[in-house]
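What follows is a set of notes on a single structure, which appears directly below.
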Amino acid sequence: MTDQYAVIGNPVEHSLSPAIHAEFARVTGQDIAYVRMLAPLDGFRESVLRFRDGGGKGLNITLPFKQEAWQLAEIHSGSAREAGAVNTLKFENGTIAGHNTDGIGLTRDLKDNLDCPVRDRRVLVMGAGGASYGVMEPLLRELPQQVVVANRTLDKAVALVAHFEALQKFASQGISARPYSGLAGARFDIVVNATSAGLADVMPPLPREIFAPGSLAYEMVYGRRTLFMEFAAGCGAKAADGLGMLVEQAAESFFIWRGVRPATKPVIDLLRREGGGRRAEG
Ligand code: NAP
């Protein structure tokens with residue numbers, strides 16, 4: 001019998017996940033069906049349990065339900081535990097297991113697709129929302145020199161840094177929070193835009209000198225060239241969007257569910273040829 005999976009969110013109609021997982025299933029010969037599931041904003045839990053009780057094997061979780069998914073999960077993998085958010089649920093042996101594959105998606109895209117190792121590099125993460133929480137632990141495990149978190153609302157960046165304090169040791173110069181106005185004079189090798197500003201065609205106020213020579217500007221939004229990407233390219237940095245992260249996090253979810261690791265590069269190339277999606281999810 002075909003195993004059932006879905007991505008659940010609100011909104012969810014533009015999600016690329018069904019296309020990605022259909023391609024993974026085709027090339028690995030796995031017999032799965034994967035659909036979009038719109039949950040009412042006040043009906044996440046009921047929607048998940050109905051899907052599971054109907055025989056569903058697993059779900060991807062997108063905005064705005066990743067924290068609710070964390071609460072619903074009965075056991076948490078390391079990354080999900082650290083992030084306080086879940087983007088992958090697996091239903092097995094009567095339990096609901098929660099995972100977070102967003103951070104692995106980012107670090108794999110950086111290292112494997114963009115030839116941009118994190119080790120000993122200076123990393124700036126812009127934004128202190130769910131996406132930033134999701135990527136901090138995997139980023140720190142890559143042993144960067146430092147991670148600075150900048151956010152429009154400074155208190156949230158301070159809270160994020162406090163949340164990950166126990167993992168400070170993985171960055172030789174530690175982790176810290178700053179307002180954008182406190183970035184003058186600083187240089188970074190990797191600048192990650194984990195804000196949703198790109199969706200509204202705005203960008204956080206960055207000084208032009210923020211990009212060290214040879215640096216990478218990573219935009220989590222995909223399917224469009226954002227102001228941040230334009231700005232970074234104009235400052236001499238290499239700019240990448242978040243499509244690779246999306247495919248890599250999906251591959252990790254697929255592995256968690258099926259025990260098979262699909263090749264990602266052909267799927268990234270396929271989606272780019274098809275236009276790279278219309279809007280961001282994550
Ligand atoms: P979120 O929890 O809503 O957080 C949004 C963050 O953006 C907050 O830190 C917010 O700052 C900041 N922000 C919003 N507008 C801003 C502006 N005009 N100027 C400066 N900062 C601004 O969202 P999220 O879940 O973290 O997601 C962030 C982005 O990552 C979304 O676009 C999402 O689609 C994308 N994402 C992509 C992937 C992928 O696989 N490619 C995966 C996950 C997420 P304040 O705290 O000051 O409000």
Side-chain angles (χ1 to χ4, degrees), residues 7 9-12 14-17 19-21 60-70 79-80 83-88 99-110 113-114 124-139 148-161 163 177-183 191-206 217-224 226-229 231 239-254 264 267-268 271-272 276-282:
V7 54
N10 187 335
V12 76
H14 297 291
S15 173
L16 287 179
S17 294
I20 295 170
H21 283 280
N60 279 134
I61 321 299
T62 188
L63 289 173
F65 297 127
K66 290 184 186 180
Q67 276 156 350
E68 274 191 72
W70 192 89
S79 291
V86 155
N87 79 335
T88 305
H99 303 260
N100 192 315
T101 66
D102 282 336
I104 290 265
L106 174 65
T107 54
R108 289 231 173 99
D109 196 30
L110 290 172
N113 303 325
L114 297 166
L124 172 65
V125 174
M126 299 191 291
S132 298
Y133 274 85
V135 301
M136 280 299 280
E137 188 246 7
L139 268 180
V148 172
V149 181
N151 196 45
R152 182 174 62 179
T153 311
L154 181 60
D155 287 358
K156 290 193 197 165
V158 171
L160 186 148
V161 166
H163 181 90
R178 287 195 213 170
Y180 290 108
S181 58
L183 293 174
V191 178
V192 178
N193 188 8
T195 75
S196 47
L199 293 173
D201 276 331
V202 287
M203 65 164 273
L206 281 183
Y218 194 95
E219 170 65 87
M220 280 202 194
V221 169
Y222 58 83
R224 63 166 83 183
T226 64
L227 274 185
F228 168 66
M229 294 171 73
F231 175 79
D241 76 353
L243 185 66
M245 175 177 170
L246 181 77
V247 174
E248 294 293 347
Q249 63 80 26
E252 187 64 17
S253 297
F254 193 88
T264 49
V267 182
I268 296 171
L271 292 172
R272 289 230 183 274
R278 297 287 156 264
R279 50 164 291 153
E281 66 181 279

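It should be emphasised that the depicted structure is a prediction, and the values quoted were computed from it without experimental measurement. For the numbers below, each heavy atom of this structure counts, side chains included, while hydrogens, waters and symmetry mates do not. Both counts, for ligands and for their atoms, begin at 1 and track the order of listing.
- For ligand 1, the polar-atom distance check against Pro204 finds no nitrogen or oxygen pair separated by under 3.5 Å.
- Distances below 4.0 Å separate heavy atoms of Gly127 from the following atoms of ligand 1: 9 (O).
- Atoms NZ and CG, on Lys66 and Asp102 in that order, are 4.0 Å from each other to the nearest 0.5 Å.
- By the 3.5 Å distance cut-off applied to N or O atoms, Val202 is not counted among the residues near ligand 1.
- Near Leu246, meaning under 4.0 Å from any of its heavy atoms, are these atoms of ligand 1: 40 (O).
- When Val221, Asn87, Asn151 are checked for heavy-atom proximity to atom 8 (C) of ligand 1, Asn151 turns out nearest.
- The shortest N or O to N or O distance between Gly242 and ligand 1 is below 3.5 Å.
- A search for side-chain contact (heavy atoms from CB on, under 4.5 Å) contacts involving Pro205 returns Tyr180, not counting sequence neighbours.
- Other residues, nucleotides and ligands contribute only 12 or fewer heavy atoms inside 6.0 Å of the CD atom of Gln67.
- Residue His21 comes nearest to Ser253 through the heavy atom pair CE1-CB, 4.4 Å, listed as atom of the first residue, atom of the second, then distance.
- Residue Ala131 approaches ligand 1 through these ligand atoms, each under 4.0 Å from one of its heavy atoms: 24 (P), 25 (O), 26 (O), 27 (O), 28 (C), 30 (O), 44 (C).
- In this model, a donor atom of one side chain and an acceptor atom of the other lie less than 3.5 Å apart for Asn113 and Glu248.
- Of the polar atoms of Ser132, none of the N or O atoms is found under 3.5 Å from an N or O of ligand 1, judged by distance alone.
- Where the criterion is an N or O separation shorter than 3.5 Å, residue side chain and backbone included, Leu63 fails it with respect to ligand 1.
- Compare Thr195, Thr153, Leu154 by their heavy atoms: the one nearest to atom 47 (O) of ligand 1 is in Thr153.
- When heavy-atom distances to ligand 1 are checked against a 4.0 Å cut-off, Lys156 comes that close only through its side chain, counted from C-beta outward.
- Considering backbone and side-chain atoms alike, Ala128 places an N or O below 3.5 Å from some N or O of ligand 1.
- Under the 3.5 Å distance criterion, the side-chain polar atoms of Asn87 are left unmatched by any main-chain donor or acceptor of Thr62.
- In this structure, CG on Leu246 lies 4.0 Å from CD1 on Ile20, to the nearest 0.5 angstrom.
- By heavy-atom distance, the residue among Glu248, Met245, Arg152, Lys66 lying nearest atom 19 (N) of ligand 1 is Arg152.
- Here is the list of ligand 1 atoms found below 4.0 Å of a heavy atom in Gly129: 2 (O), 4 (O), 9 (O), 26 (O).
- Looking only at side-chain heavy atoms (C-beta outward), Met136 and His163 stay at 4.5 Å or farther from each other.
- Distances shorter than 4.0 angstrom do not occur between any heavy atom of Gly105 and any atom of ligand 1.
- The proximity of Ala194 to ligand 1, defined as any non-hydrogen pair under 4.0 Å, is limited to the backbone.
- When the side-chain contact (heavy atoms from CB on, under 4.5 Å) test is applied to Leu227, the partners found at least two apart in sequence or on another chain are Met203.
- If you check the side chains of Asp109 and Tyr218, you find a donor sitting under 3.5 Å from an acceptor.
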